[in-house]
Structures are given as C-alpha cells and as structure tokens.
Amino acid sequence: LLGVPIALLGVFYYLSVLVLTLLILTYPKKIFEKILFLISLSGAIVSLILIYIQFAILKEYCQYCLISEVLMFLIFALVFLPHLQSNKGR
C-alpha cells in the first residue's frame with residue numbers, strides 16, 4: 001500500500017489501539033473513545049477487504065493474517081458494544 005508493508009500498518013493499528021485504550025483508562029475523555037471507535041471501525045473494514053483479497057483474488061489464505069483479522073473484528077466488537085449501549089441512553 002503506497003510502498004508501506006501491510007504488516008507495518010498492522011503494527012501501527014495495534015499500537016494505536018493500545019495507546020488509546022491506555023489513554024481512556026487513564027484520562028477518560030469522549031474524544032479518545034471516539035477516535036478508538038473510528039480506528040477499530042477502519043480496522044474491521046480493512047479486514048473485510050483483506051479477507052476478500054485472500055479468498056476471491058488470490059484464492060489462498062494466510063493463517064496469521066486471518067488471526068489478525070479476527071482480532072481486529074473482536075477489537076471492533078469490544079469497542080462498538082459499549083459505544084452502542086452508551087448511545088441508547090440518549
């Protein structure tokens with residue numbers, strides 16, 4: 001992707017999730033929660049695209065890639081469910 005390895009983008013994704021989670025736990029501010037939500041949503045969307053590429057275009061899969069993509073969906077679910085519940089009260 002523009003000369004940047006996908007694995008490096010994944011490292012930045014996981015590091016940003018970690019940093020934002022620590023920020024939320026230390027300084028609970030809505031802006032950090034919103035940024036984490038957007039990053040986890042983008043990770044889930046990118047995962048869908050990468051799964052499509054593996055199965056539909058390459059017709060091969062990488063087990064480590066699939067594990068990472070499942071983790072991205074789990075992160076999104078963990079971020080989305082509390083976000084959804086907090087918006088129900090509005």
Side-chain angles (χ1 to χ4, degrees):
L1 189 66
L2 299 173
V4 179
I6 291 177
L8 185 59
L9 295 175
V11 168
F12 286 132
Y13 168 81
Y14 288 115
L15 280 175
S16 64
V17 167
L18 176 65
V19 168
L20 283 165
T21 302
L22 292 174
L23 283 171
I24 289 168
L25 293 173
T26 309
Y27 309 103
K29 297 196 189 271
K30 288 287 184 191
I31 187 69
F32 297 141
E33 293 175 15
K34 289 180 183 190
I35 294 170
L36 181 60
F37 175 77
L38 292 174
I39 288 175
S40 66
L41 175 63
S42 66
I45 292 169
V46 168
S47 291
L48 283 175
I49 294 167
L50 293 175
I51 289 169
Y52 171 77
I53 290 171
Q54 287 181 72
F55 286 96
I57 297 173
L58 299 176
K59 299 193 182 350
E60 293 187 19
Y61 67 93
C62 164
Q63 64 185 3
Y64 300 112
C65 301
L66 291 174
I67 290 169
S68 178
E69 290 153 358
V70 167
L71 286 174
M72 287 188 185
F73 279 113
L74 288 174
I75 289 170
F76 175 68
L78 290 171
V79 171
F80 180 70
L81 291 176
H83 181 78
L84 183 66
Q85 290 175 348
S86 69
N87 284 338
K88 277 185 180 180
R90 291 182 185 184

Ignoring hydrogens and angles, tell me if any N or O in the side chain of [X] forms a donor-acceptor pair with the backbone of [Y] under 3.5 Å.
| X | Y | value |
| --- | --- | --- |
| Ser16 | Phe12 | yes |
| Thr26 | Leu23 | no |
| Tyr52 | Ser47 | no |

Next on the checklist: Assigning hydrophobic clusters by single linkage (Ile, Leu, Val, Met, Phe, Trp, Tyr; side-chain heavy-atom cutoff under 4.5 Å), is Leu18 placed with Leu8?
Outcome noted: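 No, separate clusters.
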Checklist entry - Under a 4.5 Å side-chain heavy-atom rule over Ile, Leu, Val, Met, Phe, Trp and Tyr, are Met72 and Ile49 clustered together? => result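 Hydrophobic grouping puts Met72 with Ile49.
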Item to check | Candidate list Leu22, Ile75, Leu78, Val79, test side chain to side chain contact (heavy atoms under 4.5 Å, CB included), partner Val17, passing option | outcome: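 Among Leu22, Ile75, Leu78, Val79, the one meeting side chain to side chain contact (heavy atoms under 4.5 Å, CB included) with Val17 is Ile75.
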Find out whether [X] and [Y] are in side-chain contact, i.e. whether some heavy atom of one side chain is under 4.5 Å from a heavy atom of the other.
| X | Y | value |
| --- | --- | --- |
| Tyr13 | Val46 | no |
| Phe76 | Leu36 | no |
| Lys59 | Gln54 | no |
| Phe80 | Leu41 | no |
| Phe32 | Thr21 | no |

Next on the checklist: Which label fits Tyr61 and Phe55: parallel for a plane angle under 30°, tilted from 30 to 60°, or perpendicular past 60°?
Outcome noted: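 It falls in the parallel class, under 30°.
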Item to check | Distance-minimising heavy-atom pair for Glu69 and Leu50 | outcome: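 That closest heavy-atom pairing would be OE2-CB, 3.1 Å.
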Next on the checklist: For Ala77 versus Pro82, what's the shortest heavy-atom pair and its separation?
Outcome noted: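 Result for this residue pair: O-CD, 4.3 Å.
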Checklist entry - Between atom CG of Leu58 and atom CD1 of Ile53, what is the distance when rounded to the nearest 0.5 Å? => result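 Reported to 0.5 Å precision, the distance equals 7.0 Å.
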